[in-house]
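Only a predicted model underlies this, so the values are computations on that prediction, with no experimental measurement involved.
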Amino acid sequence: MAAPLSVEVEFGGGAELLFDGVKKHQVTLPGQEEPWDIRSLLVWIKKNLLKERPELFIQGDSVRPGILVLVNDADWELLGELDYQLQDQDSILFISTLHGG
Amino acid sequence: MPAPQCSSCHAARAALRRPRSGQALCGACFCTAFEAEVLHTVQAGRLLPPGAVVAVGASGGKDSTVLAHVLRELAPRLGVSLRLVAVDEGIGGYRDAALAAVRRQAALWDLPLTVVAYADLFGGWTMDAVARSTAGSGRSRACCTFCGVLRRRALEEGARLVGATHIVTGHNADDMAETVLMNFLRGDAGRLARGGGLGSRGEGGALPRCRPLQLASQKEVVLYAHFRRLDYFSEECVYAPEAFRGHARHLLKLLEAARPSAALDLVHSAERLALAPAARPPPPGACSRCGALASRALCQACALLDGLQRGRPRLAIGKGRDADGPPGPPPPPPPPPPPPPPRDPGSAPGPAAAGECGAACEGRCAQASL
């Protein structure tokens with residue numbers, strides 16, 4: 001049984017517009033049987049934080065292509081992407097690259 | 001799994017893996033490598049010689065913000081000076097906020113900033129006015145085609161105002177790849193022919209332009225901005241959702257999922273294209289109105305503005321420089337031009353002479369694939 005986790009979820013690069021414009025969210029994930037990973041975090045975000053147009057953030061069970069994911073300032077590619085298991089006090093940042101520059 | 005060590009400094013934890021080399025680097029070492037690559041791109045291509053006065057197209061967005069920041073770091077080594085030039089297209093609810101970001105950057109970096117507005121340069125034609133004038137096409141947004149042409153012209157004007165010798169823009173590898181796809185999808189042989197290479201030397205009196213970030217992937221541009229904590233404007237232009245580029249962008253994202261180097265590979269392919277003889281554009285001449293480079297009587301900017309003024313905005317939207325005709329079935333002959341009014345020495349000048357692009361373009365534009 002995994003204990004509740006306290007993590008910071010942050011949105012940038014325009015992704016925050018899907019979350020009422022709020023960039024930083026302090027989140028407490030409830031204790032559950034399975035360990036929390038990014039995959040289950042995304043499900044949780046879609047259900048509890050996402051305010052509009054889920055297709056602009058999530059595609060299938062992952063993020064929409066063009067959205068970067070950093071865990072504690074490291075590219076999630078280095079950490080196993082969706083399979084990375086969250087630790088207490090982790091910081092997960094989602095940056096959208098989908099706009100003109 | 002824990003992140004590996006940085007393979008450069010061996011001191012910090014790696015923050016990312018470079019897509020091409022697979023090298024794992026920490027944030028600081030990545031930023032240093034990124035800057036070194038831009039420096040190499042500029043020096044190897046002799047893009048910005050010592051003494052150059054460089055006008056940086058600044059939109060407040062992620063690419064031009066990174067471009068300005070990196071060039072500011074490299075300016076002493078290159079021996080160049082920078083001027084920020086921002087274009088105000090007159091798009092309500094979008095451009096003002098973006099310009100605010102540019103002003104913050106100019107103040108923070110102590111760089112001179114000049115803003116040039118469509119309203120001033122193009123006789124009151126803001127992008128919002130163009131959008132209203134071209135609305136109702138039922139297909140992809142035509143106003144974005146106008147914006148691309150007019151913005152280039154506006155940037156040129158702004159650069160001249162500040163005495164620049166070169167213009168730089170923040171196009172990244174993904175932008176270039178999207179453009180290649182768009183040109184293929186629209187059968188635009190002229191643009192495909194001109195698209196390759198790191199920059200244009202500047203023909204017909206235009207200032208030389210280049211894109212120092214051309215070989216940087218969009219992802220790395222965003223990561224650089226993140227690790228350097230750069231403040232940029234990240235909203236989408238209000239017209240962008242309907243622009244044709246969105247289709248190319250979507251396709252590129254799908255391709256990259258299967259083949260991460262797709263963007264760079266597309267750019268390299270385009271650089272190596274040779275056009276069939278029938279498709280090669282004719283050598284350009286000078287616009288009869290403003291003198292800028294043009295392959296027809298009027299350059300694109302003058303032709304577009306002409307069309308807007310006359311209430312026929314689709315006048316100059318065609319397939320780029322295909323004056324020789326597209327491959328495939330020949331177009332139907334254009335309607336015969338009206339006979340010129342009889343010359344009467346005492347009368348006021350008559351309407352525009354027959355044979356001006358109006359009559360000829362009508363036939364071509366009827367098949368334009370926009």
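No side-chain heavy atom of Val9(A) sits under 4.5 Å from any side-chain heavy atom of Trp44(A).
Aromatic pair Phe34(B)/Phe227(B): ring centres not closer than 6.0 Å.
Ion pair Arg39(A)/Glu81(A) not flagged as a salt bridge, since none of the NZ, NE, NH1 or NH2 atoms sits closer than 4.0 Å to an Asp/Glu carboxylate oxygen. Taking a cutoff of 4.0 Å between a charged side-chain nitrogen and a carboxylate oxygen, Arg245(B) and Glu178(B) qualify as a salt bridge.
The contact between His226(B) and chain A is made entirely by side chain atoms (from C-beta outward), counting heavy-atom distances below 4.5 Å. For a residue to count as touching a neighbouring chain, one of its non-hydrogen atoms must lie under 4.5 Å from one of that chain's; by this rule Ala257(B) does not touch chain A.
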Any chance you could lay out the side chain to side chain donor-acceptor pair (under 3.5 Å) test for Glu34(A) and Ser40(A), step after step, and finish with the verdict? CA-CA 9 Å; Glu34(A) 306 290 318; Ser40(A) 46; over 6 Å; no
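Between Phe11(A) and His25(A), the ring planes lie perpendicular to each other; the angle is over 60°, past the 30° to 60° tilted range.
Of all residues in residues 60-73 of chain A, those placing a non-hydrogen atom less than 4.5 angstrom from a non-hydrogen atom of chain B are Pro65(A), Gly66(A), Leu68(A), Leu70(A), Asn72(A), Asp73(A).
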Please list every donor-acceptor pair under 3.5 Å in which a side-chain atom of residues 258-267 of chain B meets a protein atom from a residue at least two apart or in another chain.
from	atom 1	to	atom 2	distance (Å)
Arg259(B)	NE	Asp265(B)	OD2	2.9
Arg259(B)	NH2	Asp265(B)	OD2	2.9
Ser261(B)	OG	Asp265(B)	OD2	2.9

